[in-house]
A.B. asks: 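Structure provided below as structure tokens; questions to follow.
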Amino acid sequence: MLVTHEIPSIESYLNLRRAAGLSSMSREGAKKGLPSTLFAVSLMEGGQLIGMGRVVGDGGLQFLVCDIAVHPEEQGKGYGKTIMKEIKHYIDEQVPAEGIVSLIADKLADRLYEQYGFLHAAPDSLGMWFKQRQL
């Protein structure tokens with residue numbers, strides 16, 4: 001398994017999201033959004049994307065950890081931890097002390113993120129989201 005900091009191709013990104021059971025994203029959205037990635041982690045095996053994670057945001061104040069995914073056939077091998085270790089290193093090196101790093105965790109995945117210092121925002125804050133429409 002090879003760890004890179006390259007942004008996945010649109011096709012690989014969409015395919016891994018679908019395989020890992022993440023919500024669908026449009027090709028147009030991926031084409032526009034992926035190049036704006038602040039930091040990417042891609043896990044490659046035999047030229048195939050088997051895991052990924054991204055940090056997006058404004059680069060100074062707000063940072064969002066997103067798109068954490070591992071292909072179902074590769075889950076249980078510690079690849080989620082590998083992705084988060086790379087992301088945590090980026091956060092430690094690049095996010096200013098006043099910066100806010102957030103993420104929305106699926107249930108049970110919060111246990112992985114807690115290992116890297118992420119805390120539940122409740123009761124002080126509550127995570128919310130708005131989706132324009134379902135694809």
Side-chain angles (χ1 to χ4, degrees):
M1 186 263 307
L2 174 67
V3 178
T4 76
H5 295 148
E6 296 178 16
I7 299 169
S9 71
I10 293 168
E11 203 61 42
S12 294
Y13 169 81
L14 295 173
N15 288 341
L16 183 54
R17 283 189 64 89
R18 189 171 20 261
L22 275 62
S23 59
S24 296
M25 296 290 182
S26 70
R27 176 174 302 288
E28 296 78 23
K31 183 177 179 182
K32 184 175 181 179
L34 287 175
S36 298
T37 300
L38 295 174
F39 181 74
V41 179
S42 293
L43 305 185
M44 307 297 293
E45 185 73 56
Q48 298 294 316
L49 182 69
I50 62 167
M52 66 180 178
R54 297 191 311 136
V55 179
V56 299
D58 61 24
L61 301 169
Q62 300 288 334
F63 301 80
L64 174 68
V65 176
C66 61
D67 296 327
I68 306 295
V70 175
H71 194 283
E73 293 175 7
E74 304 296 335
Q75 291 176 2
K77 298 179 180 179
Y79 293 156
K81 289 182 179 183
T82 299
I83 294 165
M84 285 307 299
K85 184 189 305 181
E86 296 291 318
I87 288 175
K88 183 64 165 72
H89 181 73
Y90 170 81
I91 290 167
D92 291 344
E93 295 293 320
Q94 299 297 321
V95 176
E98 306 80 22
I100 297 173
V101 182
S102 58
L103 63 81
I104 295 178
D106 290 337
K107 291 183 179 181
L108 302 180
D110 60 339
R111 293 185 290 190
L112 170 64
Y113 304 130
E114 286 173 339
Q115 294 175 39
Y116 296 90
F118 286 86
L119 305 172
H120 290 269
D124 297 328
S125 300
L126 297 176
M128 298 176 72
W129 69 343
F130 173 84
K131 290 183 82 168
Q132 189 70 341
R133 65 184 169 114
Q134 298 291 327
L135 296 179

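Keep in mind the model is a prediction, meaning the values are calculated, not measured. Heavy-atom basis, side chains included; hydrogens, waters and symmetry copies ignored.
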A.B. asks: Using the rule given for side chain to side chain donor-acceptor pair (under 3.5 Å), can you reason through H71 versus Q48, listing the C-alpha separation, both sets of side-chain angles and the distance that settles it, and then say yes or no?
C.D. replies: CA-CA 10 Å; H71 194 283; Q48 298 294 316; over 6 Å; no
A.B. asks: Does atom CD (E6) have a neighbourhood of more than 12 heavy atoms from anything else shown, all under 6.0 Å?
C.D. replies: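 Counting neighbours around CD of E6, 12 or fewer heavy atoms of other residues, nucleotides or ligands fall under 6.0 Å, so no.
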A.B. asks: Side chain to side chain donor-acceptor pair (under 3.5 Å) for S23 and R17? Distances and angles first, verdict last.
C.D. replies: CA-CA 7 Å; S23 59; R17 283 189 64 89; 3.0 Å; yes
A.B. asks: What are the two closest non-hydrogen atoms of P35 and A30, and how far apart are they?
C.D. replies: CD-O, 4.0 Å
A.B. asks: Does one hydrophobic cluster hold both M44 and I7, with members joined at side-chain heavy-atom distances below 4.5 Å?
C.D. replies: yes
A.B. asks: Is L49 reachable from L2 through a run of I, L, V, M, F, W or Y residues, each pair having side-chain heavy atoms under 4.5 Å apart?
C.D. replies: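 Same cluster.
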A.B. asks: Kindly compute the distance separating OG (S9) from NZ (K31), expressed to the nearest 0.5 Å.
C.D. replies: 13.5 Å
A.B. asks: As an exercise, state the distance from NE2 of H89 to CD of E93, rounded to the nearest 0.5 Å.
C.D. replies: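 CD of E93 is found 4.5 Å from NE2 of H89.
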A.B. asks: Same cluster for F118 and L64 if Ile/Leu/Val/Met/Phe/Trp/Tyr side chains link at under 4.5 Å?
C.D. replies: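 No; tracing contacts between hydrophobic side chains, which count when under 4.5 Å, never links both residues.
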A.B. asks: Kindly compute the distance separating CD (Q62) from CG (L38), expressed to the nearest 0.5 Å.
C.D. replies: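 Output value for this atom pair is 11.5 Å.
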A.B. asks: Using the side-chain contact (heavy atoms from CB on, under 4.5 Å) criterion, which residues pair with V70? Sequence neighbours excluded.
C.D. replies: E74, Q75, Y79, I83
A.B. asks: Could you grab the distance from atom CD1 of I50 to atom CG of L43, nearest 0.5 Å is fine?
C.D. replies: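 Rounded to the nearest 0.5 Å, the CD1-CG separation comes out at 5.5 Å.
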A.B. asks: Got a donor-acceptor contact below 3.5 angstrom from the Y13 side chain to the D67 backbone?
C.D. replies: no
A.B. asks: So L112 and M84, do their side chains get closer than 4.5 Å, heavy atoms only?
C.D. replies: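 They are in side-chain contact.
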A.B. asks: In this structure, would I68 and M1 fall into the same cluster of hydrophobic residues linked by side-chain contacts under 4.5 Å?
C.D. replies: yes
A.B. asks: Just to verify, what does H5 make a ring-ring contact (aromatic ring centres under 6.0 Å, His included) with, not counting sequence neighbours?
C.D. replies: F39
A.B. asks: Could you tell me if the side chain of V101 sits less than 4.5 Å from the side chain of V65, heavy atoms only?
C.D. replies: yes
A.B. asks: For the residue pair R27 and L14, what are the closest heavy atoms and their distance?
C.D. replies: CA-CD1, 3.9 Å
A.B. asks: Indicate yes or no for a side-chain donor-acceptor contact from T37 to the backbone of L34 under 3.5 Å, with no hydrogens or angles considered.
C.D. replies: yes
A.B. asks: Atom CG of L22 and atom SG of C66: how far apart are they, to the nearest 0.5 Å?
C.D. replies: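 Answer for the CG-SG pair, L22 versus C66, is 10.0 Å.
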A.B. asks: Determine whether I91 and Y116 fall in the same hydrophobic cluster, where Ile, Leu, Val, Met, Phe, Trp and Tyr are linked whenever their side-chain heavy atoms lie under 4.5 Å apart.
C.D. replies: yes
A.B. asks: Kindly determine whether E86 and V3 satisfy side chain to side chain contact (heavy atoms under 4.5 Å, CB included), including the steps that lead there.
C.D. replies: CA-CA 9 Å; E86 296 291 318; V3 178; 4.0 Å; yes
A.B. asks: For G60 and P96, work out which heavy atoms get closest and say how close.
C.D. replies: O-CG, 3.1 Å
A.B. asks: Would F63 and I100 satisfy side chain to side chain contact (heavy atoms under 4.5 Å, CB included), going step by step from the backbone distance to the final call?
C.D. replies: CA-CA 6 Å; F63 301 80; I100 297 173; over 6 Å; no
A.B. asks: Nearest 0.5 Å, what's the CD-CG distance between E98 and L61?
C.D. replies: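 Here the interatomic distance stands at 9.0 Å.
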A.B. asks: Check whether more than 12 heavy atoms from other residues, nucleotides or ligands sit under 6.0 Å from atom CG of D58, and answer yes or no.
C.D. replies: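 Atom CG in D58 is packed in, count exceeds 12.
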A.B. asks: Do you know which of T82, V41, D92 makes side-chain contact (heavy atoms from CB on, under 4.5 Å) with I87?
C.D. replies: V41
